[in-house]
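Notes follow the structure.
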Amino acid sequence: MTTLWLAAVALLVLALLFVVPPLLRSPGARSSPRAELLRRLHADRLAGIEKDIRSGALGTQDRAQAIDELQRQVLEETSQATPRAGLPARPWMAWGVAGVLSIGLPAAALLLYLQVGNPMAAATQMLAAERSGSHEGDGADVERMVGGLAARLRSQPDDLEGWIVLARSYEYLKRYDDAVVAYQKAMALAPDQPLLLADYADALASARDGDLEGPARAALDAALAIDPDHPKSLALSGMAAFKRGDLPLARQRWERVLALLPPDSEAAQRIGADLARLDTAQPPAAPPAAPRVAAARRHVAGTVSIAAALRDAVAPQDTVFVLARAAATGRMPVAVLRLQARDLPAAFVLDDSLAMSPDATISRFEVLTIEVRVSRSGQAAPQPGDLSGSVADVALGQEGVALQADKVSR
């Protein structure tokens, strides 16, 4: 983006160098080559008339007639050679035009870029209209703008701001599954942003009829691990705890976020109402267990550990990611489990509740690669010094997978 702005400024300066200097040049400095030539010719003609008079070839009356004719020719030919000679010189006018162009041309170019050249401007304006309650962008126009932004991001996948705007645009259109995918693209570029993690969990819950378990809960836990006082993550985590019947944790989360909000804010009033519900709430009944025959084909299970030779290089609080990948989804995991190094060795189960996307759950793939990464930074993206390991060609439903972190990333 910086390169684009520098190039635009350079082109504007170059354009002004061609436009402004001629305006500032003194009008008197300009001369017409044709007018100068005519003046010389008429001077020669006048000298010839005087010579003919001295030699007696022209009389006095003929001399007056010849001079009158020559003056008439001078006026006619000179007026044709300098058609703007009648305009008085006004230096202040040239300076004024130059000043207007110097300021107006860059300003007009910037305004045109912001309204037409910026592919995200339309989507951003649409989101602003949503917040203000205006719905002038509803319908086909909104779909067209969002579609244009999505098309641009396919050719510019590293645009973090673009993915965030696209995800929130999809939420506005209630296309929650598409919003989840867009948030995943954004989180891949900025994996440690609490707001992105909370927004992803929110979109995922909307796509799953309010379910905040599985990957939504994991995202909220990750957000609070980064910022324990992140308001949206606290509020959603409290709601998740309330729905699964963990009323003490729900109270703890909501009381903490209530202390962070302005007392007279609408958000504080909602949290206060949620806290009031806890006094009369009853834990929900446990859902019936799913048939074991059906569940056996929806997960991969095993144990995860760290190689003995590398154990001393790991701190107890280091983050451990156990994940499943499918060849059809590339580098996007189909299930992710988050642990800590102090928990290892440990048993693990990867199933659909840990899916990163509702459209790419682990049960949809027959063959998987199971990986482990021990991250010192806690970031999802690989970093030098991380420990890793993998087991390829794992069949869906397989148990007893022995997964070990035995390599150091360089």
Side-chain angles (χ1 to χ4, degrees), residues 184 187-188 191-192 197 200 204 213-222 225-226 290 292-410:
Q184 288 171 348
M187 289 190 301
D192 295 324
L197 291 165
Y200 164 71
L204 197 55
E213 294 302 310
R217 180 179 174 183
L220 293 173
D221 289 344
I226 298 169
R292 290 186 59 84
V293 175
R297 290 291 297 162
R298 293 203 301 267
H299 75 268
V300 171
T303 58
V304 57
S305 62
I306 298 174
L310 300 175
R311 187 73 198 184
D312 292 340
V314 176
Q317 68 273 15
D318 287 351
T319 303
V320 178
F321 296 98
V322 179
L323 49 92
R325 300 188 192 275
T329 62
R331 295 299 298 170
M332 177 64 69
V334 296
V336 177
L337 175 65
R338 187 183 180 114
L339 303 170
Q340 285 191 315
R342 63 167 60 92
D343 302 325
L344 273 55
F348 71 86
V349 177
L350 300 177
D351 57 21
D352 287 352
S353 69
L354 300 175
M356 294 293 291
S357 169
D359 296 324
T361 56
I362 194 171
S363 60
R364 297 190 180 190
F365 304 96
E366 294 294 328
V367 181
L368 302 154
T369 296
I370 311 301
E371 299 181 10
V372 58
R373 184 167 70 254
V374 182
S375 171
R376 296 179 178 178
S377 63
Q379 297 182 2
Q383 303 289 327
D386 289 353
L387 306 185
S388 63
S390 64
V391 178
D393 300 326
V394 176
L396 183 65
Q398 183 174 336
E399 299 186 354
V401 177
L403 184 63
Q404 188 176 76
D406 54 3
K407 301 179 180 66
V408 180
S409 300
R410 302 297 180 186

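What you are looking at is a predicted structure, and each value in this text was computed from that prediction instead of being measured.
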| Candidate pair L368 and V334, rule side-chain contact (heavy atoms from CB on, under 4.5 Å), full reasoning | CA-CA 9 Å; L368 302 154; V334 296; 4.0 Å; yes
| request: Report the C-alpha separation of F321 and L337 in whole Å, then their side-chain angles, then the decisive distance to 0.1 Å, and conclude whether the side-chain contact (heavy atoms from CB on, under 4.5 Å) test is met. | output: CA-CA 6 Å; F321 296 98; L337 175 65; over 6 Å; no
| task | I would like to know whether F365 and L396 meet side-chain contact (heavy atoms from CB on, under 4.5 Å); could you show each step before the answer? | result | CA-CA 7 Å; F365 304 96; L396 183 65; over 6 Å; no
| query | So H299 and E399, side-chain contact (heavy atoms from CB on, under 4.5 Å) or not? Walk me through it. | reply | CA-CA 8 Å; H299 75 268; E399 299 186 354; 3.0 Å; yes
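Distance CZ/R364 to CD/E366: 13.0 Å, rounded to 0.5 Å. The structure places CZ of R376 at 10.0 Å from OG of S409, a figure rounded to the nearest 0.5 Å. Residue D318 holds its CG atom at 9.0 Å from OG of S377, rounded to the nearest 0.5 Å. Here the CD atom belonging to E213 is positioned 9.5 Å from the CG atom belonging to L220, to the nearest 0.5 angstrom. Taking NZ of K407 as the start and CG of D386 as the end, the distance is 14.0 Å to the nearest 0.5 Å. Atom CD of Q398 is separated from atom CD1 of I370 by 8.5 Å, given to the nearest 0.5 angstrom.
With a 4.5 Å cut-off on side-chain heavy atoms, I226 and L197 count as touching. At least one side-chain heavy atom of V322 sits under 4.5 Å from a side-chain heavy atom of L350. With a 4.5 Å cut-off on side-chain heavy atoms, L344 and L339 count as touching. No side-chain heavy atom of S305 sits under 4.5 Å from any side-chain heavy atom of L403. Under the 4.5 Å side-chain criterion, counting only non-hydrogen atoms from C-beta, V336 is not in contact with L354.
Here the shortest heavy-atom pairing between L387 and A405 reads CB-CB, 4.1 Å. The two residues A324 and I362 come nearest to each other via the heavy atoms CB-CD1, 4.0 Å. The shortest heavy-atom contact between V300 and G397 is CG2-N, 4.3 Å. Across all their heavy atoms, V304 and V372 have their closest contact at CG2-CG2, 3.6 Å. Minimum heavy-atom separation, S353 to D351: OG-OD1, 2.5 Å. Of all heavy-atom pairs between S390 and T369, the closest is CB-CG2, 4.4 Å.
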